[in-house]
Amino acid sequence: MPELPEVETILRQLAAGSEAAPPLAGQVFSGVKLLWARSLAEPADPRALSEELIGQTILRLERRGKYLHFRLTRASLLIHLRMSGDLRVEAQSAPSKPHDRAVFNFESGWRLAFNDARKFGRVWYTRDAGRLLADLGPEPFDPGLTAERFQRMLSARRRLLKPLLLDQTFIAGLGNIYTDEALNLARLHPLIPSDQICLDQARALLQAVRDVLEDGIRSNGASIDWVYRGGDFQNHFRVYQRTGQPCPACGAAVERIIVGQRGTHFCPSCQRLPG
DNA sequence: CACGAGACCTGTTCGC
DNA sequence: TGCGAACAGGTCTCGT
C-alpha cells in the first residue's frame with residue numbers, strides 16, 4: 001500500500017497516537033520477536049538486534065522517501081513497507097494477526113507489530129541510516145528542488161518519464177499510483193523521453209507531482225484493496241485503475257498500457273506522444 | 001547507461 | 001462451483 005502519502009499518513013498516526021494507542025516517541029524497547037527471518041535486512045544476526053535494541057528509546061519519527069525512520073537513543077530503526085507492509089500499535093495482550101513478521105515490545109506494555117502478507121517489506125537496525133538512504137533522490141517537497149533544477153535532472157538522463165519518476169534515486173517517494181496521476185495532471189505521456197522535456201513542462205510536472213502527493217496526504221492516502229489503511233484518495237483518482245472511464249480533463253476514455261512491467265493509465269487525448 | 005525479464009511472496013479477482 | 005491465470009501500492013539483480 002505504500003507510496004509517499006501512505007507512508008506519511010502512517011508516520012503521522014504513529015507519531016500522534018490515538019485513543020487506542022500512545023505516541024511512539026518515548027517508548028522504550030523491552031524485546032523483539034522476529035517471525036519471518038528475511039524481514040530483517042540488518043543486522044544479519046537477529047540476536048544482535050534484540051541485544052542492541054533493548055533499553056533504547058524512540059526519540060523521533062521521520063520519513064525519507066518511502067522509508068520510515070525511527071531515531072533511537074544510539075541508532076536507527078528503518079522500515080520499508082514495500083507492497084503489503086503495515087504497522088500496528090497495540091497492547092501486548094492483544095491477539096497477534098496472521099502475517100505478523102516482527103513484533104517490537106515496549107516496557108510500557110504496548111507493542112509495535114510489523115505485518116506483511118507478501119513478505120517484501122524490510123526492517124533495518126543501523127547506526128548509519130545515512131548510508132542506507134544515501135542513494136535516494138530529492139524529496140518532492142524539498143524547496144531546493146526548483147523547476148530549473150528538475151528540468152536539468154530530467155535532461156541529464158535519457159529515460160522514459162514513467163520509469164524515471166518511479167526510480168527512487170531520481171526522486172524519492174513516487175510509486176505507480178501517484179506517477180500515473182501526476183503525468184495525467186501535467187498532460188504528459190508516460191513514454192516521453194525525459195531529455196525532451198522543456199522548462200515549462202518540467203515546471204508543470206513538478207507542480208503536478210506536488211499537487212497529487214499533497215492531495216494524497218490530505219486524503220490519508222489511498223485504500224485500494226484488502227491492504228486497507230483507511231485512506232480516501234482512491235475516490236480522487238483521475239486515471240489510476242480507471243481504464244475506459246472518462247479523463248476528468250477532457251472526457252476521453254482512459255487507456256491502460258504496460259510500461260516497465262507496471263500497469264500504466266493515461267489519457268490518450270490529453271497526454272500525447274510528440275512525433 | 002538504459003532496458004527488459006525474472007525473482008522475491010501471498011492474496012484476491014477475473015475469465016472460462 | 002472450480003481452477004488457473006492475471007494482477008497488485010516495490011525493489012533488487014542479472015543479462016543484453
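Throughout, a chain's letter reflects where its sequence line sits, starting with A, and its residues are numbered from 1. Heavy-atom basis, side chains included; hydrogens, waters and symmetry copies ignored.
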K.L.:
For residues 180-203 of chain A, which residue pairs pass the ring pair (Phe, Tyr, Trp, His ring centres under 6.0 Å) check, not counting sequence neighbours?
P.N.:
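Residue pairs passing ring pair (Phe, Tyr, Trp, His ring centres under 6.0 Å), neighbours aside: A:His189-A:Phe266.
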K.L.:
Provide, to the nearest angstrom, the distance between the CG atom belonging to A:Leu4 and the P atom belonging to C:dT11.
P.N.:
11 Å
K.L.:
Which atoms form the tightest heavy-atom contact between A:Ala75 and A:Thr126, and what is the distance?
P.N.:
CB-O, 3.4 Å
K.L.:
Any protein N or O atoms within reach of nucleotides 1-4 of chain B? Criterion: under 3.5 Å, listing atom names and distances.
P.N.:
| residue | atom | partner | partner atom | Å |
| --- | --- | --- | --- | --- |
| B:dA2 | OP1 | A:Arg158 | N | 3.2 |
| B:dA2 | OP2 | A:Arg157 | NH1 | 3.1 |
| B:dA2 | O3' | A:Arg158 | O | 3.4 |
| B:dC3 | OP2 | A:Arg159 | NE | 2.7 |

K.L.:
Quick one: stems for DNA chain C, with Watson-Crick or G-U pairs under 3.5 Å, at least three in a row?
P.N.:
B:2-8 with C:10-16, B:10-16 with C:2-8
K.L.:
Of A:Arg122, A:Arg127, A:Arg131, which is the lone residue that meets salt bridge (Lys or Arg N to Asp or Glu O under 4.0 Å) with A:Glu42?
P.N.:
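For A:Glu42, the salt bridge (Lys or Arg N to Asp or Glu O under 4.0 Å) check succeeds only for A:Arg131.
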K.L.:
How close or far is atom C1' of C:dG10 from atom CG of A:Leu165, stated in whole angstroms?
P.N.:
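One finds 15 Å between C1' of C:dG10 and CG of A:Leu165, rounded.
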K.L.:
Hey, are A:Lys97 and A:Asp100 close enough for a salt bridge, meaning a charged N less than 4.0 Å from a carboxylate O?
P.N.:
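Salt bridge absent between A:Lys97 and A:Asp100.
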K.L.:
Measure the shortest side-chain to side-chain distance between A:Thr179 and A:Val209 over non-hydrogen atoms and say whether it is less than 4.5 angstrom.
P.N.:
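No. Closest side-chain heavy atoms not under 4.5 Å.
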K.L.:
Taking only residues two or more places apart in sequence or in another chain, which ones pass side-chain hydrogen bond (donor to acceptor under 3.5 Å, both in side chains) with A:Ser50?
P.N.:
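side-chain hydrogen bond (donor to acceptor under 3.5 Å, both in side chains) list for A:Ser50, sorted by chain: empty.
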K.L.:
In whole Å, what is the span from the NZ atom of A:Lys162 to the P atom of C:dT11?
P.N.:
13 Å
K.L.:
Taking the C1' atom of each, how far is C:dG10 from B:dC1, in whole Å?
P.N.:
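Roughly 22 Å separates the two C1' atoms.
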K.L.:
Report the relative orientation of the aromatic rings in A:Phe106 and A:Phe29; use parallel for angles under 30°, tilted for 30 to 60°, perpendicular for over 60°.
P.N.:
tilted
K.L.:
Starting at CE of A:Met83 and ending at C1' of C:dA6, how long is that distance when rounded to a whole Å?
P.N.:
13 Å
K.L.:
How far apart are the closest heavy atoms of A:Glu52 and A:Arg74, and which atoms are they?
P.N.:
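It is O-NH2, 3.5 Å.
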K.L.:
Heavy atoms under 4.0 Å is the rule here; annotate nucleotides 10-16 of chain B 5' to 3' with B where the base is hit, S where only the sugar-phosphate is, and - elsewhere.
P.N.:
BSS----
K.L.:
In whole Å, I'd like the distance from the CD1 atom of A:Ile79 to the P atom of C:dT11.
P.N.:
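Interatomic distance, CD1 of A:Ile79 to P of C:dT11: 15 Å.
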K.L.:
Does this structure show an ion pair linking A:Glu62 with A:Arg64, if we count only N-O contacts that are shorter than 4.0 Å?
P.N.:
no
K.L.:
Give the rounded distance in Å between these two atoms: CZ of A:Phe120 and P of B:dA7.
P.N.:
12 Å
K.L.:
Which is it for A:Asp116 and A:Trp36 under the side chain to side chain contact (heavy atoms under 4.5 Å, CB included) test, yes or no, and what are the steps along the way?
P.N.:
CA-CA 10 Å; A:Asp116 184 18; A:Trp36 180 255; over 6 Å; no
K.L.:
Would you mind checking if A:Glu8 and A:Arg63 are paired as a salt bridge, meaning a charged N to carboxylate O distance below 4.0 Å?
P.N.:
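Counted as a salt bridge, because a side-chain N and a carboxylate O are separated by less than 4.0 Å.
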K.L.:
Who else is in A:Val254's hydrophobic cluster (ILVMFWY, side-chain heavy atoms under 4.5 Å, direct or via others)?
P.N.:
A:Val239
K.L.:
Quickly work out the A:Asp116 CG to B:dC8 P distance and round it to whole Å.
P.N.:
16 Å
K.L.:
Is there a salt bridge (charged side-chain N to carboxylate O under 4.0 Å, His left out) between A:Glu148 and A:Arg203? Walk through the geometry before answering.
P.N.:
CA-CA 8 Å; A:Glu148 288 75 15; A:Arg203 182 177 291 113; 3.6 Å; yes
K.L.:
Please state how far atom CZ in A:Arg262 lies from atom P in C:dA6, giving the value in whole angstrom units.
P.N.:
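It works out to 18 Å between those atoms.
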K.L.:
I'd like the P distance from B:dT10 over to C:dT1, given in whole Å.
P.N.:
28 Å
K.L.:
Which residue pairs pass the ring pair (Phe, Tyr, Trp, His ring centres under 6.0 Å) test when at least one of the two sits in residues 233-255 of chain A, sequence neighbours left out?
P.N.:
A:Tyr178-A:Phe233, A:Phe233-A:His236, A:Phe233-A:Phe237, A:Phe237-A:Tyr240, A:Tyr240-A:His265
K.L.:
Any donor-acceptor pair under 3.5 Å linking the side chain of A:Glu3 with the backbone of A:Asn176?
P.N.:
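Checked: pair present.
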K.L.:
Is any NZ, NE, NH1 or NH2 atom of the basic residue among A:Arg159 and A:Asp195 found under 4.0 Å from an Asp or Glu carboxylate oxygen of the other?
P.N.:
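Salt bridge absent between A:Arg159 and A:Asp195.
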K.L.:
Please list, by residue number, the residues of residues 233-243 of chain A whose heavy atoms come closer than 4.0 Å to an atom of DNA chain B; answer none if no residue qualifies.
P.N.:
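Contacting residues: none.
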K.L.:
Would you say A:Arg82 reaches B:dA7's phosphate, i.e. side-chain N/O to OP1/OP2 under 4.0 Å?
P.N.:
no
K.L.:
Mind running a 4.0 Å heavy-atom check of residues 132-140 of chain A against DNA chain C and sending the residues that fall below it, in number order?
P.N.:
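Per residue number, the list is empty: none.
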K.L.:
Which of residues 168-194 of chain A have a heavy atom under 4.0 Å from DNA chain B?
P.N.:
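Contacting residues: none.
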K.L.:
Other members of the hydrophobic cluster containing A:Leu35, with the 4.5 Å side-chain heavy-atom rule, please.
P.N.:
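Result for A:Leu35 is A:Val103.
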K.L.:
Take atom C1' in C:dG2 and the same atom in B:dC9, then report the distance between them in whole Å.
P.N.:
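That atom pair is separated by 24 Å.
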K.L.:
Is there a donor in the side chain of A:Thr57 and an acceptor in the side chain of A:Gln27, or the other way round, less than 3.5 Å apart?
P.N.:
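Side chains of A:Thr57 and A:Gln27: no pair found under 3.5 Å.
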K.L.:
What's in the same ILVMFWY side-chain cluster as A:Leu132, cut-off under 4.5 Å, chained through other members?
P.N.:
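Reading the cluster by chain and number, A:Leu132 sits alongside A:Tyr67, A:Leu78, A:Trp124, A:Leu133, A:Leu136.
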